[in-house]
Amino acid sequence: MSDTQTSAEHRRVADDSDRWREALHRIVSGSWAVSLGAIVLAVLGGSIMIIVTDPGVQQASAYFFSRPSDTFAAIGSSVGGAYYALFRGAVWDFGADSFAGAIRPLTQSLTMATPLIMAGLGVAVGFRAGLFNIGGRGQMLVAAAAGGWIGFAVDMPWPLHMLVAVLAGMVAGAVWAGIAGVLKAYTGAHEVITTIMLNYVGFYLVSYLLATPGLLQAPGSSNPKTPHMLTSAIMPDLLGRRYNLHLGFIFALLAVAYVWWLLNRSSTGFAFRAVGENPAAAKVAGIDVPRTTVSVMLVAGALVGLAGVTQVLGTVTTGFSYDIDAGIGFDAITVALLGGSRPIGVMFAAILFGAFKAGGSVMQAAEGVPIEIVQVVQALIVLFIAAPPLVRAVFRLPQPGKRPKRGKRAARRQEVAA
Amino acid sequence: MTAATETEAVEPRHVTVVSRKAPVAFGVITLLYGLLLALASREGLTHFRFATDGDFVHLPSVALPAMTTAWVCGLIALVLTGLAFALTQAARKVPIWVSVLFAVAVLFGFLAWGGAGSDADFPIARLLASSVLLAVPLVFGALGGVLGERAGVVNIAIEAQLLAGAFTAAIVGSLTDSPWAGLVAAIAAGMLVALVLGVFAITYRVEQIIVGVVLNVLVIGLTSFFYSQVLVPDAQRLNSTTRFGSWAIPGLSGIPVIGPALFRQSVIVYLMYIAVPAVWFAMFRTRWGLRLRAVGEHPQAADTVGIKVEGMRYAGILVAGGVVGIGGAFYTVVSVSSFGKEMTAGAGFIALAAVIFGKWDPVRAAMAALLFGAASSLQGALSIVRAPVPSQFMLMLPYVVTILAVAGFVGRSRPPAADGTPYVKE
């Protein structure tokens, strides 16, 4: 995606009359037009899934040729109902009697988005440095285990306790990702493979800790589950007890600002991006590539770890089990891709996916549409975004490398004149 | 990489590069094993049962003194480690039988230690049989992975192909009441996922790892969605397959211990016995296989001599998808007779691990898959005798081994040169 932008920047503006055309062209051929197109296509795909599995549509389509309008009405009501429920669960509750109640779904979406922002940033930092961090699951689990243990087993006063627990989680995540970083830097082991494997190692490690009395398991219980977090470690609610939105969201916004500063304004971030663009050139320029690789993974792991520890101290404070990652580690990859690996983009992508998540559960409850459809729509979005030529072909958007038609003619005229 | 080619260019005779990693790995494992025995000594006998019902020759069960057996195995492991060191010193490769023997010795000793003092006996034959069964989807997955990666397409979507195969086999097998139809449908489903992978990875040149990861999410989502929307409400008609029965091969199935484990199985297991050498033969003894590997190693060169790179890559991953699909069918027409949400449970990733551990070679990858199957069946057996090893650590083993393999501690794993890079014709 970055090369489309650079090519757009490098494009020479021929004459004044072409400026607006150029600007428009830049917008429609830029990555966000593709993102929008991808979202539209994916939502269409989701609609088809709802339509073919809806019993009302199936009944009506049995006599499609005698009364086609029934089928279309059934399609309309199934798809419309599903997306209405999705919106009601994600943004605005029309049924609520007060503003405070109506706004609740929106805060729920932001709560869901909180860990996605953090983990998405972690994956995005890796992407910018040319590293695929697929180990979100493992990093979140070990972070939850470390932070959670501090959260329920250690006694400390409030702000300190929470901060120490958060820090412990971040360190654990960083260490877990750091293993993959060290292996990549010093033995050449591909980080995709090692992070996938570390997911499973982390999962079984945390399962063991959870199933062993005296480690993470709640005393007097045989379930693989930890005790409640202590009050002094819990992230307080931001908008009062009515809403689930907690301090973690502020942490997420701080993380966005930090990653933006890191990537765009710091020399460390410059080294990250240089290694990502061209490791050989980075080496020639005097950047220690192996060392940078390790630090990228440490930063990425710390961010994903923050997501893990936020889950246990903010969202699920009643004790956690080995499913605490809730698929966020994988969703983070799609979030990072949708956000173009840029901090602000990641934030918006995470809020979109958080809204899908919050709305999806309401949709499942109200309309009986399984929540897995959200997963499918997310996967489709990323698949389409990853293949811009496909989306451009579907929506007939211009190619970024090409000049708009009239511009081309103008350029030719200039050539002739020269 | 560049440094290596440069040194080779300067002194072309210096070609014997012997890795010391194998003996070092052996040494570390032997040391850990010895420490385990020394620190956690256990009393009593370990019972091994070799016979199953209906054996030709009925072998008696054996009760061995646990610690003695374990120490003897340790000694064998030590000798093999010494041998490996000697071989490396003499600048020779450590042959594969040394590694296999080493693994068997350590495993057997570990079993003896784990089962010490327990009344329940280790059903060795059943252990073997369940190892083979647990390995079936892994072997097919690994074969598919090898085929794809040798053609230059990284396939992270093995999991998706297995799941799609299992799902389709369940529906088609239930509707037609024929496991064969289910098997064919599973192959088609695996190929369909491979086709999507191909369209994005080969034609649109999307980063292959992204496509793979996303395909996994997509297929998990799709199958789970249709499972709860379509299969659950109509389970009797759509989700209860007829399974393949077990066929005993006359003669071979009468061999004690390994006979019932290997030759009293279902069609798909026999297909696996055929598939491994077949894939090997296709890849290393046919023109098609040579071209496939050429496309994966050096697409420019292949293109220069007139091989259609993209076509060859499509062919590779489609065949691979079909092979993985057979493994997917195993879940619903052999193992159990209905589909369940995410029933493959990460087998695709273990298969991927087997591909790497097997150094992108079909036979070695299949062996690695068998080893991983054995590790999970061992976990079941150890819980029967209540061994003091947490099951989670046994389950963790394949992944740890893979990390070590990728890091280069267990031999050198070198992927095909053009693996993962789309070919852009100039």
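FYI, side chains are in, hydrogens and waters are out, and symmetry mates aren't considered; it's all heavy atoms of this structure.
Interface remark: B/I156 contributes side-chain atoms only to the contact with chain A (heavy atom separation under 4.5 Å). Looking at A/I196, the atoms closer than 4.5 Å to chain B (heavy atoms on both sides) all sit in the side chain, from C-beta outward. In this structure, the portion of B/F226 lying under 4.5 Å from any heavy atom of chain A is its side chain and not its backbone. With a 4.5 angstrom heavy-atom cutoff, B/F349 touches chain A via backbone and side-chain atoms both. The parts of B/V400 that come within reach of chain A are both its backbone and its side chain, each placing non-hydrogen atoms under 4.5 angstrom from that chain. For chain B, the nearby part of A/V52 is the side chain; its heavy atoms alone come within less than 4.5 Å. Heavy atoms closer than 4.5 Å to chain A are found in the side chain of B/V213, but not in its backbone. Looking at A/I371, neither its backbone nor its side chain comes within 4.5 Å of chain B, counting heavy atoms on both sides. Contact annotation for B/I209: only side-chain heavy atoms (C-beta onward) come within less than 4.5 Å of a heavy atom of chain A.
The aromatic rings of A/F127 and A/F132 lie perpendicular to each other, with more than 60° between the two planes, well past the 30° mark. Ring orientation note: the planes of B/F339 and B/F167 are nearly perpendicular, at an angle over 60° on the 30°/60° scale.
The candidate from A/I193, A/T194, A/V382 with the greatest count of non-hydrogen atom pairs under 4.5 Å with chain B is A/I193. Most heavy-atom pairs under 4.5 Å with chain A: of the set B/V217, B/L352, B/T203, B/T223, this distinction falls to B/V217. Highest contact tally toward chain B, considering only A/L205, A/I179, A/D54, is held by A/L205 [criterion: heavy-atom pairs under 4.5 Å]. In terms of non-hydrogen atom pairs under 4.5 Å with chain A, the most contact-rich of B/V199, B/V196, B/V214 is B/V214.
Salt bridge status for B/E297 with B/R150: absent, with no side-chain N to carboxylate O gap under 4.0 Å.
Taking all atoms of both residues into account, the shortest heavy-atom contact from B/E310 to B/Y423 is OE2-O, 3.9 Å.
Shown here is A/F203, whose CZ atom has more than 12 heavy atoms of other residues, nucleotides or ligands within 6.0 Å.
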